[in-house]
Asks: 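Sharing a structure below in structure tokens format, with a few things to ask.
All values below come from the heavy atoms of this structure, side chains included, with hydrogens, waters and symmetry mates left out. Note that the structure is predicted; figures quoted are calculated from it, not measured.
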Amino acid sequence: MKRRSFLKAAPAIALAAPAIGAAPRDAAAQAAPTRNETLLLVQEYGPNSLDMQGIGSSQPVNGVALNCYDRLVRFKRKPFDDVTTSFDIKALEPELAESWQEASDGTSVTFKIRADARFHSGRSVTARDVKWSLDRAVSIGGFATTQMAAGSLEKAEQFVAVDDKTFRVDFLRRDKLTMPNLAVTIPFVFDSEKAIANSGGDVWAKDYLKNNICGGGAFKVEAWRPGTETIYSRFDDWKSGPLPKLRRIIARDIPSPSTRRALIERGDADISYGLPPKDFKDLVDAGRLKVSAVPVPNAIWYVALNAALPPFNNVKLRQAVAWAMPYEHILQGSLFGRGVPMWGGPSTPAELKWPVPFPYSTNIERARALMAESGVAPFSTTLLYDAGSGTIGEPMAVLIKEALAPLGITIELNKIPGANFRGELNKKTAPMVINRFGGWLDWPDYFFFWNYHGNNSIFNIPSYQNPAMDRLIDAARFAPDEASYDTNVRGFLELGMHDVPFVPIVQPYHDVAMQRTIGGYQFWPCREPDFRYLTKG
């Protein structure tokens, strides 16, 4: 299909679809956006909901929340390379709040809401809307409530509407993650009056908000056709930042990666992400498109070894597996070089960050010696991986199976459909799992709390439990000074390297391909495109 006809078809589809949460636009906004004001994004799949706080929301719903709702604050942007702007996890700037002040005793923070902030409905944003929204986030359950708790935002009583334009958060404890956690995707602000009026009696209006935008962000959802496309239009009265240059975004769902690649290579699409690593390698090598490649903060591809059940409850066996892993073959054969190696590091971490390379590398003789020391006889086991990321997971699984065979470990590969994969992991019975995890808050204690702590969260895939590890993590999370923080981080990193319930393989890139006329690409922790800064030449 030619570029002209491909773009021309999109507005006709939008006119046929129902408008969702859209307020009437003035005459100037009614004029059709020009080609340079319209962006065509092609993606594997789109949002399964319009409510990121809702249970079971898919990854692309983060993009809906990012673009259609505001938060009190956002991370400051900083240059990454000539294609990408990234963010500073430790620096905040105003979004819906025009200013804030922490109490001198460190027990609370008070925000002043922008006087000119409006919802898409035309209503003025009030502190009551902020309170209802954050009350909802800590009460609705699932991922939203879990993420809020990561920054000690746990109870509705913490949130106080002082007056129409003044909002306060009372701290449960001193937690360095509280303020950054207000800048991630989850604590966005709803038009609470509109939500309650359409709630049908549900205190959190879950059904209504799943299918309707009820916010005041830079974009509105003009049309949503699940499985086909989502069309966004600019909210011209947005006050929480510079008005976006783009007026319309067409996000089209195309499951076939080869089709998405063909569209972006031919110039029929403006931007795409989620292609297999080989495709991004080819696009980089060809040099005709811009490719943003950001190592995903706080993220790794890893192999989890079930530390709670035999035989992998044996630390010597886990170490043997770590020395047998075919790291370089995985990076090149599965990820086509699209990532940062997480092997071959020193036994003591050179940097107190996450991820850091573990001290293992491919050494089959050392692996055999540790296998003998473990006392574990040759055995058969199962390795699970996600069919939804099969272009990475399948070749990785095959390489691991071949590499562990010389140790007398026979592996049966078990490919789990993407829709069922998380449920299988939550059973915590799988002996070996290939998985990827990335935390939004880029601190090592954040990752280790969710993945290594004995509270055995849903992300602790190996069910690893060690009281010594718990003490180090807890001490780091609430350390009173930098020196004690560093001591505890070094301690849990070294213990993780020794006990190795996770074998880190690689820190993945977040790859995005775009035409050379596209500018302003912004990377955020949620890894969804931010339409507010994109430009089109």
Asks: With a 6.0 Å cut-off (strictly less than), is the heavy-atom count around CD of Glu412, excluding the residue itself, greater than 12?
Replies: no
Asks: Please report the interatomic distance CG(Leu40) to CD1(Ile231), rounded to the nearest 0.5 Å.
Replies: 10.0 Å
Asks: Quick one: are Phe190 and Asp51 in side-chain contact, heavy atoms under 4.5 Å?
Replies: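 In contact.
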Asks: Keeping to residues at least two apart or across chains, list the ring-ring contact (aromatic ring centres under 6.0 Å, His included) pairs with something in residues 277-306.
Replies: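 Residue pairs passing ring-ring contact (aromatic ring centres under 6.0 Å, His included), neighbours aside: Tyr302-Phe502.
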Asks: Keeping to residues at least two apart or across chains, list the ring-ring contact (aromatic ring centres under 6.0 Å, His included) pairs with something in residues 42-62.
Replies: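 Of all non-adjacent pairs touching residues 42-62, none passes ring-ring contact (aromatic ring centres under 6.0 Å, His included).
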Asks: Under the salt bridge (charged side-chain N to carboxylate O under 4.0 Å, His left out) test against Glu95, which residue among Arg74, Lys239, Arg114 passes?
Replies: Arg74
Asks: Output yes when a side-chain donor or acceptor of Asn48 lies under 3.5 Å from a complementary backbone atom of Gly56, and no otherwise.
Replies: yes
Asks: Is it true that a side-chain atom of Gln515 and a backbone atom of Ala269 form a donor plus acceptor pair closer than 3.5 Å?
Replies: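 Checked: pair present.
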Asks: Of all the heavy-atom pairs spanning Met52 and Ser58, show the shortest one and how long it is.
Replies: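 Closest heavy-atom pair between Met52 and Ser58: SD-O, 4.3 Å.
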Asks: Below 4.5 Å, heavy atoms only, C-beta onward: do Leu534 and Ile518 meet side chain to side chain?
Replies: yes
Asks: Under a 4.5 Å cut-off applied to non-hydrogen side-chain atoms, are Val294 and Val296 in contact?
Replies: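 When only atoms from C-beta onward are counted, Val296 and Val294 do not touch, as no gap falls below 4.5 Å.
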Asks: Please give me the minimum heavy-atom distance between Tyr521 and Ser292, naming the atom from each residue.
Replies: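 Reported closest heavy-atom pair: CE2-OG, 3.4 Å.
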Asks: Run Asn211 and Trp224 through side-chain hydrogen bond (donor to acceptor under 3.5 Å, both in side chains) and show every step you take.
Replies: CA-CA 9 Å; Asn211 296 289; Trp224 177 43; over 6 Å; no
Asks: With Lys427, which residues qualify under side-chain hydrogen bond (donor to acceptor under 3.5 Å, both in side chains), at least two apart?
Replies: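 Here the qualifying residues are Glu424.
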Asks: Output yes when a side-chain donor or acceptor of Arg260 lies under 3.5 Å from a complementary backbone atom of Pro255, and no otherwise.
Replies: yes
Asks: CG/Asp268 to OG1/Thr259 distance, rounded to the nearest 0.5 angstrom?
Replies: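 It is 11.5 Å, given to the nearest 0.5 Å.
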Asks: Kindly write out the residues that satisfy side-chain hydrogen bond (donor to acceptor under 3.5 Å, both in side chains) with Glu37, not counting sequence neighbours, or none if the list is empty.
Replies: Thr34, Arg247
Asks: A side-chain contact here means heavy atoms from C-beta on lying under 4.5 Å apart; do Asp386 and Ile416 qualify?
Replies: no
Asks: So, Ser334 side chain and Pro395 main chain: donor-acceptor pair closer than 3.5 Å or not?
Replies: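 Checking the backbone N and O of Pro395 against the side chain of Ser334, no donor-acceptor pair under 3.5 Å is found.
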Asks: With sequence neighbours left out, write down each residue that passes ring pair (Phe, Tyr, Trp, His ring centres under 6.0 Å) with Trp204, or none if nothing qualifies.
Replies: Trp132
Asks: Which heavy atom of Leu50 sits nearest a heavy atom of Val61, and at what distance?
Replies: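 Result for this residue pair: C-CG1, 4.1 Å.
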Asks: Under 4.0 Å between a side-chain nitrogen and a carboxylate oxygen: does that hold for Asp282 and Arg261?
Replies: yes
Asks: For a quick test of reading the model, state the closest non-hydrogen atom pair linking Arg71 to Leu66 and the distance between them.
Replies: NH2-O, 3.1 Å
Asks: Just so I know, are the side chains of Leu246 and Arg234 near enough to count as touching, which here means a heavy-atom distance under 4.5 Å?
Replies: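 Answer no - side chains too far apart.
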Asks: Answer whether the closest heavy-atom distance between the side chains of Lys401 and Leu383 falls below 4.5 Å.
Replies: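 No; the side chains remain at least 4.5 Å from each other.
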Asks: Please tell me if the side chains of Leu384 and Ile434 come closer than 4.5 Å, counting only heavy atoms from C-beta onward.
Replies: no
Asks: Test Thr382 against Asn414 for side-chain hydrogen bond (donor to acceptor under 3.5 Å, both in side chains), laying out the working first.
Replies: CA-CA 7 Å; Thr382 304; Asn414 189 359; over 6 Å; no
Asks: Applying side-chain hydrogen bond (donor to acceptor under 3.5 Å, both in side chains), name anything that partners Arg123, two or more places apart in sequence or on another chain.
Replies: Asp129, Asp191, Glu193
Asks: Checking Tyr533 now: which residues fulfil ring pair (Phe, Tyr, Trp, His ring centres under 6.0 Å) with it, not counting sequence neighbours?
Replies: none
Asks: Just say parallel, tilted or perpendicular for the rings of Phe87 and Phe75, cut-offs at 30° and 60°.
Replies: tilted
Asks: With Phe523, which residues qualify under ring pair (Phe, Tyr, Trp, His ring centres under 6.0 Å), at least two apart?
Replies: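 Ring pair (Phe, Tyr, Trp, His ring centres under 6.0 Å) check on Phe523 returns His510.
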Asks: Using 30° and 60° as the class boundaries, would you call the ring planes of Tyr69 and Phe188 parallel, tilted or perpendicular?
Replies: tilted
Asks: Given the rule in the side-chain hydrogen bond (donor to acceptor under 3.5 Å, both in side chains) test, do Glu44 and Tyr273 qualify, once you have shown the distances and angles that lead to the verdict?
Replies: CA-CA 8 Å; Glu44 180 180 1; Tyr273 64 105; over 6 Å; no
Asks: Check whether Asn181 reaches the backbone of Met148 with its side chain - one donor and one acceptor, N or O, closer than 3.5 Å.
Replies: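 Yes; at least one donor-acceptor contact below 3.5 Å.
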Asks: I want to know whether Tyr385 and Phe421 have ring centres closer than 6.0 Å.
Replies: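 No.
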Asks: Verify, without hydrogens or angle tests, whether Ser233 (side chain) and Arg248 (backbone) share a donor-acceptor contact under 3.5 angstrom.
Replies: no
Asks: Would you find a donor on one side and an acceptor on the other, under 3.5 Å apart, between the side chain of Ser389 and the backbone of Ile392?
Replies: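 No, Ser389 side chain to Ile392 backbone: no donor-acceptor pair under 3.5 Å.
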Asks: Considering residues at least two apart in sequence or located in another chain, which fulfil the ring pair (Phe, Tyr, Trp, His ring centres under 6.0 Å) criterion with Trp343?
Replies: Tyr327
Asks: Go through the steps to decide whether Val284 and Lys281 satisfy the test side-chain contact (heavy atoms from CB on, under 4.5 Å), and finish with yes or no.
Replies: CA-CA 5 Å; Val284 169; Lys281 180 183 183 301; 5.9 Å; no
Asks: Is Gln59 reaching over with its side chain to a backbone N or O of Cys526, donor-acceptor style, under 3.5 angstrom?
Replies: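 Indeed, once roles are kept as given, a pair shorter than 3.5 Å links the two residues.
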Asks: Looking only at side-chain N and O atoms, does Thr228 offer a donor or acceptor that is under 3.5 Å from a partner on Asp253?
Replies: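 No, Thr228 and Asp253 have no side-chain donor paired with an acceptor closer than 3.5 Å.
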Asks: Mind jotting down which residue pairs meet the salt bridge (Lys or Arg N to Asp or Glu O under 4.0 Å) criterion with at least one end in residues 512-527? Sequence neighbours excluded, please.
Replies: none
Asks: Looking at Lys206, I want to see if its NZ is surrounded by more than 12 non-hydrogen atoms of other residues, nucleotides or ligands under 6.0 Å.
Replies: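 Enclosed: over 12 neighbouring heavy atoms sit under 6.0 Å from NZ of Lys206.
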Asks: Mark yes or no for whether Asp270, through its side chain, and Leu39, through its backbone, hold a donor-acceptor pair below 3.5 Å.
Replies: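 Checked: no pair found.
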Asks: Which heavy atom of Ser133 sits nearest a heavy atom of Gln53, and at what distance?
Replies: O-NE2, 3.9 Å
Asks: Taking side-chain hydrogen bond (donor to acceptor under 3.5 Å, both in side chains) as the definition, give me every residue that meets it alongside Asn67, ordered by chain and number, with sequence neighbours left out.
Replies: none
Asks: Tell me whether Lys536 contacts the main-chain N or O of Thr517 through its side chain, where contact means a donor paired with an acceptor under 3.5 Å.
Replies: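 The answer is no, because no donor-acceptor pair under 3.5 Å joins these two groups.
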Asks: Can you find a heavy atom in the side chain of Leu182 that is under 4.5 Å from one in the side chain of Leu134?
Replies: yes
Asks: Return the minimal non-hydrogen interatomic distance between Trp450 and Phe459, and the atom names on each side.
Replies: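 Scanning both residues completely, I find the closest heavy atoms to be O-CB, 3.5 Å.
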Asks: Does a side chain donor of either Asn298 or Trp354 reach within less than 3.5 Å of an acceptor in the other side chain?
Replies: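 Short answer, no.
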Asks: Flag the pair Lys90 and Asp88 as a salt bridge only when some basic side-chain nitrogen lies within less than 4.0 angstrom of an acidic carboxylate oxygen.
Replies: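 Salt bridge between Lys90 and Asp88, a charged N being under 4.0 Å from a carboxylate O: no.
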Asks: Enumerate the residue pairs fulfilling salt bridge (Lys or Arg N to Asp or Glu O under 4.0 Å) with a member in residues 428-449, sequence neighbours excluded, ordered by first and then second residue.
Replies: Lys176-Asp445
Asks: Do you see a donor-acceptor pair shorter than 3.5 Å between the side chains of Arg252 and Gln43?
Replies: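 No, because no side-chain N or O of Arg252 sits under 3.5 Å from a partner of the opposite role on Gln43.
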